[in-house]
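Data first, discussion second: the structure below is written as structure tokens.
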Amino acid sequence: MAKAKEIIGEIIRAEHLKVGHDAPSALFGATAGKPGIVVIAGTGSVIYGENGQSETVQIGGLGFLFSDEGSGFWLAAQTIRLAIKERDGLIENAGLEKLTLGFFKVKQIRDLTTAFYNEKISRDEIAALAKPAHEAAENGNSVLQNQIRFGAGILVESVVSAAGKLKLAGQFPVAGVGGMFRAALLKKYFAELLKEKVSQAKLVEPVF
């Protein structure tokens, strides 16, 4: 964040400059300024909420290495991990190695991992695997269905935690935004689990 402030400070001249996370803006856009919780799941993920009493909470959002469950990068990384296990004979063949090799146009998994470690392929490029992984799940791949449901479950548990920290009473809005929520299966699992785990939460579509 300090680096971002430094860069923006070179572009915008102001007596006071504050650079923050985009989650508060996403919440405002999702709830029209009302108290509630927004779940952002794109390349990364973060859960952010406000209770109308100047209290806020953020769950996750600590980057792809230590956090970001339910995000595009997380699903892609899970797919690659399982593809490796499939190659090594540790799990039954579910077509994940074939999916991964075909998407990245490499001959073996090691080519992909080596390219990533050597920074020849970016985090965003890895995260792009989430789309064909979702499509495979929608077409009946039960292994990937389970992964997506697990990721949705982590996001819902984060909503539970955020609601508890904020002491939200009565019905409150929860919005899912970001690329992962444009995928039908993630959206479906999230809605089902949210209804099951947080009865007072009302899933809303962003207002703008």
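- Within the 4.5 Å cutoff, the side chain of I40 has no heavy atoms near those of the Y48 side chain.
- The pair K98-E86 does not count as a salt bridge, with every side-chain nitrogen at least 4.0 angstrom from each carboxylate oxygen.
- You'll find the side chain of L155 stays beyond 4.5 Å of the side chain of L193, heavy atoms only.
- Residues E138 and L185 share a closest heavy-atom pair of OE2-N, 3.8 Å.
- The shortest side-chain heavy-atom distance between L101 and I109 falls under the 4.5 Å cut-off.
- Side-chain contact check for Y189 versus V156: every heavy-atom pair is 4.5 Å or farther apart.
- L99 has its side chain within reach of L144: a pair of non-hydrogen atoms, C-beta onward, lies under 4.5 Å apart.
- Note that OG1 of T114 is 8.0 Å distant from CD of Q108, once rounded to the nearest 0.5 Å.
- Note that CG of D68 and CD1 of I154 are 12.5 Å apart. Values are rounded to the nearest 0.5 Å.
- Heavy atoms of other residues, nucleotides or ligands lying less than 6.0 angstrom from CZ of F150 number 12 at most.
- In the hydrophobic clustering of ILVMFWY residues, with side-chain heavy atoms under 4.5 Å counting as a link, I80 and V106 come out together.
- For E119, the CD atom is loosely surrounded, since the number of other residues' heavy atoms within 6.0 Å does not exceed 12.
- One finds a salt bridge joining E205 and K187 here, because a Lys/Arg side-chain nitrogen approaches an Asp/Glu carboxylate oxygen to under 4.0 Å.
- Annotation: side chain of H134 is in contact with side chain of M180 (closest heavy-atom distance under 4.5 Å).
- Checking side-chain atoms of N141 against main-chain N and O of A94 turns up a donor-acceptor pair under 3.5 Å.
- Using a 4.5 Å heavy-atom cutoff, the side chains of V174 and F190 are in contact.
- Closest non-hydrogen pair, F181 versus V39, comes out as CE1-O, 3.5 Å.
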